[in-house]
Amino acid sequence: MRQTLRTGGLLLATVSLFTINIPSADASGYRLRNYGGQQAGTALAGKSAPDGISGAVHNPAALGQATDVDGVLSLGYLGIQSDAIDAHATTAAGTPAGGGDSRDAAPVAVIPGLVIAGELDDDVVLGISVSTPWGLRTEHGRDWAGRYHADETELVSLNVQPQVTWRASEQLHFGAGLQVQQVDGTFSNAIDVGSVGAALGIPGARPGMQDAHAHLQGDDWGVGFTLGAAYRPFKGTTLGLSYRSKIDHELSGTADFTADGSGLTTAIRGATGQLQDTGFTADLTTPEVIGFGLRQEIGSGVTLLGEAEWTRWSRLDELRADFANPLQGDDVTSKNWEDTWFVAAGAEWAVDPEWTLRAGVAYDQSPVPAKTRNPRIPDTDRTWLGLGAGWQPVGWIDLDIAYAHVWMADGRISLDASQPGNAQRGSLDADVENSFDIVSVTLRIAF
């Protein structure tokens, strides 16, 4: 057991140092799944029905398959194409906002994951996992048509999860974990001080021609839990059930306002007391997730996989920043997100004792309704195709690699100045085109 703690502590400290500084990327809503080589190769089919401890990120009962001390390190590379084209907007004053399209708005990302597990005795396994379950990043630039709605958005998470699994019997394992989660959020956009100044009657104000800039950055720690079970009623059949709780966060930080070059922002500050640097808070609740997985061997080395996952995205009704400056009104973005389903089917083929081939397809609903789709998260429904291979040269080491392509349905941003929070942002219309590729590598070593 002392060996388990020493090994886990060393790897946890090492991974934490680089995980917290790695940007996240656009995903369904702002969800990021563990893009390990096993999971990506089957388009995440069967991820809640564990086959090895790498599944502990999704289902803590997966630790029940540990032998002595096991460690799994995964890296997922996401190459994302995100464009908002044919973009045009009007200011709060109703005049053209100018600016162009936004292309390549989502930078590449690396999603790491770590699981360490060790047997306490024949019935109990202890472990810890480190993952990034939530995140997004979009960068549109400061001169595009939708700059008053968004130019940069980033949400980075770090989830450290101590876990325990009880082997109730050879067929039935129960797991539980404590989520200790840190989130860091950055939100920025231009402010049309030209329209504000014109409404106040300040000489020289020109709507859409004079822009200030707002940059909000805040963070928070929160605590939640996970539960899971794995049941093998028959030889070759595994059923898995997992639950991830909601976590309530209150991001707190600073709101920095950068003035335009004409002096108009300074005049507005003097007249209203607004657009001055201040603190802010914003509530963010990560949603509950329930997953059900199936693994079924059918002979000749072939295993069929299935997955169904429900996410309670309807918790996100709006994103509201409450400023410490009492003269600065709340910044509100309407969301009205909807609960979603993710479904996947896949297969594995054990070609021989060393090699396993994988494939899978999936459909992932977007929680974002068309009427509130915005450039911070230009999300749409998506379809996955995954391919992968696993290599086990010796019994104590596994290497899994995978490639997945994700097609996202075309969508449209149609925001109107009459919607909540858009009175000073104006309107925005743009076509959304997104897709991304995933390349994943997972290394497992049994000590």
Side-chain angles (χ1 to χ4, degrees), residues 84-102 105 138-153 186-217 254-278 280 282 318-323 325-335 371-378 412-430 432:
I85 61 175
D86 192 23
H88 54 278
T90 60
T91 68
T95 62
D101 296 342
S102 171
T138 51
E139 297 177 355
H140 295 283
R142 296 192 180 188
D143 58 355
W144 84 292
R147 62 193 181 277
Y148 300 133
H149 293 266
D151 59 28
E152 180 183 0
T153 306
T186 300
F187 312 92
S188 67
N189 56 269
I191 301 175
D192 181 15
V193 292
S195 290
V196 176
L200 294 172
I202 299 176
R206 296 173 295 165
M209 302 296 291
Q210 295 152 305
D211 291 351
H213 191 260
H215 183 274
L216 281 66
Q217 191 279 323
T254 57
D256 298 321
F257 296 93
T258 304
D260 72 303
S262 71
L264 182 58
T265 304
T266 302
I268 294 172
R269 286 171 175 167
T272 68
Q274 299 181 8
L275 304 184
Q276 303 190 60
D277 292 351
T278 184
F280 83 96
E318 65 177 18
L319 184 61
R320 178 182 294 268
D322 181 14
F323 297 100
N325 177 5
L327 300 177
Q328 185 75 44
D330 292 354
D331 183 85
V332 181
T333 301
S334 180
K335 297 294 187 181
K371 64 181 180 181
T372 64
R373 184 179 294 115
N374 66 58
R376 293 206 185 278
I377 309 180
R412 186 160 183 82
I413 297 172
S414 297
L415 299 174
D416 190 84
S418 63
Q419 292 175 296
N422 288 343
Q424 294 188 7
R425 299 182 185 122
S427 67
L428 172 64
D429 288 279
V432 174

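Here the structure is a predicted model, which is why all the values come from computation and not from measurement.
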* To do: Check whether the side chains of S102 and H140 place a donor and an acceptor atom closer than 3.5 Å, and report yes or no.
  => yes
* Asked: Between the side chain of W144 and the main-chain N/O of A150, is any donor-acceptor distance below 3.5 Å?
  -> yes
* Would you find more than 12 non-hydrogen atoms of other residues, nucleotides or ligands less than 6.0 Å from Q217 atom CD? -> yes
* To do: Might you work through the side chain to side chain contact (heavy atoms under 4.5 Å, CB included) test for H88 and L428, ending with a clear yes or no?
  => CA-CA 6 Å; H88 54 278; L428 172 64; over 6 Å; no
* To do: Using the side chain to side chain contact (heavy atoms under 4.5 Å, CB included) rule, take E318 and T333 through it: C-alpha gap first, then chi angles, then the decisive distance, then the call.
  => CA-CA 6 Å; E318 65 177 18; T333 301; over 6 Å; no
* To do: List for me each residue that meets side chain to side chain contact (heavy atoms under 4.5 Å, CB included) alongside Q419, sequence neighbours excluded, and say none if there are none.
  => L415, D416, N422
* Asked: Hey, is R147 close enough to D211 for a salt bridge, meaning N to O under 4.0 Å?
  -> yes
* Asked: Hey, is the main chain of I268 close enough, under 3.5 Å, to the side chain of T272 for a donor-acceptor pair?
  -> yes
* Report the residues that fulfil side-chain hydrogen bond (donor to acceptor under 3.5 Å, both in side chains) with T258, sequence neighbours left out, ordered by chain and then residue number. => none
* Asked: For T266, what residues pass the side chain to side chain contact (heavy atoms under 4.5 Å, CB included) criterion, not counting sequence neighbours?
  -> none
* Under the side-chain hydrogen bond (donor to acceptor under 3.5 Å, both in side chains) test, which residues partner N374, sequence neighbours left out? -> none
* What do you reckon, is CZ of R142 surrounded by more than 12 foreign heavy atoms closer than 6.0 Å? -> no
* Asked: Can you name the residues that form a side chain to side chain contact (heavy atoms under 4.5 Å, CB included) with D101, not counting sequence neighbours?
  -> I85, A87, R103
* Measure across A97 and A145 and return the closest heavy-atom pair with its distance rounded to 0.1 Å. => CB-O, 4.4 Å
* Asked: Going by atom types alone, do H213 and D260 pair a side-chain donor with an acceptor below 3.5 Å?
  -> no
* Yes or no on side chain to side chain contact (heavy atoms under 4.5 Å, CB included) for T186 and H215, after CA distance, side-chain angles and deciding distance? -> CA-CA 7 Å; T186 300; H215 183 274; 3.5 Å; yes
* Asked: Do N189 and R376 get their side chains close enough for a donor-acceptor pair, meaning under 3.5 Å?
  -> yes
* Is any side-chain heavy atom of V196 less than 4.5 Å from a side-chain heavy atom of Q424? -> yes
* **Check: S262/Q210 side-chain N/O donor and acceptor closer than 3.5 Å** => yes
* Would you confirm whether N325, through its side chain, and L327, through its main-chain N or O, come within 3.5 Å as a donor-acceptor pair? => yes
* Test side chain to side chain contact (heavy atoms under 4.5 Å, CB included) applied to S427 - qualifying residues, sequence neighbours left out -> T90
* Asked: Between the side chain of D192 and the main-chain N/O of G208, is any donor-acceptor distance below 3.5 Å?
  -> yes
* To do: First locate atom CG of D331, then atom CZ of F187, and finally report the distance between them rounded to the nearest 0.5 Å.
  => 10.0 Å
* Asked: Do I413 and V432 have side-chain heavy atoms sitting under 4.5 Å apart?
  -> yes
* **Stepwise side chain to side chain contact (heavy atoms under 4.5 Å, CB included) test for F257 and Q274** => CA-CA 10 Å; F257 296 93; Q274 299 181 8; over 6 Å; no
